[in-house]
Peer 1: 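This is the structure I have questions about; it appears just below.
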Amino acid sequence: MKNAASYCVLFSAICFSFGGLFYKVAEWNSLAICSARSIIAFVVILVFLLIRKHKFVFNKNVVFAALANSLTAILYSISNKMTTAGNVIVLQFTMPIFVILITTIAYKNKPSKLELRTCFLVLFGIVLFFIDSISAGNMLGNSLALISGVTYALYFIFNKKQDSDPFTAILLSLVISSLVGLPELLNTDIVNSSTNTLLSVVGAWITSTICWTSSISVWLN
C-alpha cells in the first residue's frame with residue numbers, strides 16, 4: 001500500500017507535468033481551461049464513484065478540503081500561463097514539506113531528523129528558485145505555484161481527519177473550480193477555437209482526471 005501511494009504521487013506529478021504543457025498550447029484563458037476540465041472530470045469521477053457505490057459525506061472538513069483542492073487547481077491553471085510547467089510542478093510538489101511544517105506548528109507533531117533535513121534542503125531550493133525567477137521575470141507565476149503547494153498540503157491535512165471523505169471533497173472541489181472559471185468559459189469562442197487548442201483542453205482534462213482517479217483507486221484499496 002505504501003509503495004502504491006508513492007507510485008501514485010509520482011504518476012500524479014507526471015500527469016500534472018503533461019497537463020502544464022497542454023495549458024501552454026491552449027489559447028484559452030487559464031480559468032476557462034480549468035472550468036472546462038473540471039466540468040468533464042466531475043461527470044467522469046461521479047460515474048466512477050457511483051459504480052463503486054461510494055457513500056458521500058458532507059461536513060466542515062470535507063468543505064475545507066474541497067476549497068483547498070479547488071484553490072490548488074485554480075492556482076495551478078493560472079501559474080502555468082505565467083511561468084514554466086517545470087517550475088509549477090516542482091513548486092507545487094513541495095506539498096509534503098508544507099504538510100510537515102503545518103502539522104508541526106498547528107498540531108504539535110514532532111518531525112523526525114530526516115524530515116527536518118528534508119525541509120531545510122527543499123526550502124533552500126525554493127529560495128534559489130525565487131532568486132532565479134527575479135531575473136527571469138517569473139516571480140508572480142512561481143509565487144502562485146508555491147502557494148498551490150500550500151493549498152495542496154491543506155487538502156491532504158483536512159482529508160486525514162477521521163470524519164472527512166477525500167472522494168466527496170474531490171467532487172465538491174470540481175464544482176467550485178468549474179463555477180469560478182465558468183464566466184471565462186462562457187466568454188470563450190469554443191466553436192472557432194483552433195484544433196490544437198481543443199486537443200490541448202482535452203489533454204488537460206485527461207491528465208487531471210487520470211491523476212484524480214489513480215489517487216481514488218489507491219485510497220479505495
Side-chain angles (χ1 to χ4, degrees), residues 11-50 63 65-93 133 136-152 154-155 167-216:
F11 190 52
S12 297
I14 294 172
C15 288
F16 275 127
S17 297
F18 279 104
L21 294 176
F22 289 130
Y23 266 88
K24 291 292 186 185
V25 175
E27 298 170 353
W28 291 4
N29 178 279
S30 57
L31 290 180
I33 301 173
C34 183
S35 179
R37 75 167 190 166
S38 296
I39 291 171
I40 305 173
F42 172 83
V43 175
V44 173
I45 295 175
L46 176 62
V47 171
F48 176 83
L49 292 177
L50 288 176
V63 172
L67 288 171
N69 198 42
S70 61
L71 276 173
T72 302
I74 292 168
L75 291 169
Y76 167 84
S77 302
I78 297 173
S79 59
N80 262 301
K81 290 287 190 178
M82 304 177 71
T83 187
T84 65
N87 283 9
V88 173
I89 296 305
V90 169
L91 291 172
Q92 185 181 65
F93 276 79
S133 67
N138 298 328
M139 173 64 85
L140 181 56
N142 286 349
S143 298
L144 294 177
L146 181 61
I147 295 173
S148 76
V150 178
T151 57
Y152 205 17
L154 290 172
Y155 168 68
F167 318 114
T168 305
I170 286 176
L171 285 179
L172 185 56
S173 71
L174 290 171
V175 172
I176 296 171
S177 29
S178 63
L179 290 176
V180 169
L182 189 58
E184 291 292 343
L185 181 60
L186 293 175
N187 287 328
T188 300
D189 188 0
I190 300 175
V191 176
N192 294 319
S193 296
S194 66
T195 302
N196 285 342
T197 292
L198 293 176
L199 289 176
S200 296
V201 172
V202 172
W205 158 63
I206 291 174
T207 52
S208 60
T209 304
I210 290 175
C211 174
W212 285 317
T213 51
S214 65
S215 300
I216 289 173

Peer 1: Let me confirm one number: the CD1-CG distance from I40 to L174, rounded to the nearest 0.5 Å.
Peer 2: 11.5 Å
Peer 1: Taking all non-hydrogen atoms of both residues, which atom of Y155 and which atom of A68 are closest, and how far apart?
Peer 2: N-CB, 3.6 Å
Peer 1: Apply side-chain hydrogen bond (donor to acceptor under 3.5 Å, both in side chains) to S178 and list each qualifying residue two or more places apart in sequence or on a separate chain.
Peer 2: none
Peer 1: Output the distance between atom CG (L144) and atom OG1 (T151), rounded to the nearest 0.5 Å.
Peer 2: 10.5 Å
Peer 1: Please check this pair: side chain of N69 against backbone of A65, looking for a donor-acceptor N/O pair closer than 3.5 Å.
Peer 2: no
Peer 1: State the CD1-CG distance between I78 and L31, to the nearest 0.5 angstrom.
Peer 2: 5.0 Å
Peer 1: Which residues satisfy the side-chain hydrogen bond (donor to acceptor under 3.5 Å, both in side chains) test with T188, sequence neighbours excluded?
Peer 2: none
Peer 1: Name all residues meeting the side-chain hydrogen bond (donor to acceptor under 3.5 Å, both in side chains) criterion together with S30; count only those two or more places apart in sequence or in a different chain, and write none if there are none.
Peer 2: none
Peer 1: Rounded to the nearest 0.5 Å, how far does CG of L75 lie from SG of C34?
Peer 2: 9.5 Å
Peer 1: Out of curiosity, N29 CG to K81 NZ, how far, rounded to the nearest 0.5 Å?
Peer 2: 8.0 Å
Peer 1: Please determine, by modelled atom types, if S193 and W28 share a side-chain donor-acceptor pair under 3.5 angstrom.
Peer 2: yes
Peer 1: Please report the closest heavy-atom contact between M82 and G141, naming both atoms and the distance.
Peer 2: CB-CA, 3.8 Å
Peer 1: Residues two or more places apart in sequence or in another chain: which of them pass side-chain contact (heavy atoms from CB on, under 4.5 Å) with N192?
Peer 2: D189
Peer 1: Please evaluate residues L185 and I39 with respect to the criterion side-chain contact (heavy atoms from CB on, under 4.5 Å), reporting the C-alpha separation (whole Å), side-chain torsions for both, the decisive distance (0.1 Å), and the verdict.
Peer 2: CA-CA 11 Å; L185 181 60; I39 291 171; 4.0 Å; yes
Peer 1: Using the side-chain hydrogen bond (donor to acceptor under 3.5 Å, both in side chains) criterion, which residues pair with S177? Sequence neighbours excluded.
Peer 2: S38
Peer 1: Please list, chain by chain and in numerical order, all residues satisfying side-chain contact (heavy atoms from CB on, under 4.5 Å) with L186, sequence neighbours excluded.
Peer 2: L182
Peer 1: What's the spacing between L50 CG and I45 CD1 if we round to 0.5 Å?
Peer 2: 12.0 Å
Peer 1: Suppose we screen for side-chain contact (heavy atoms from CB on, under 4.5 Å). Which residues come up paired with I176, at least two apart in sequence or across chains?
Peer 2: A66, L67, S70, L172, V180
Peer 1: So L179 and V175, do their side chains get closer than 4.5 Å, heavy atoms only?
Peer 2: yes
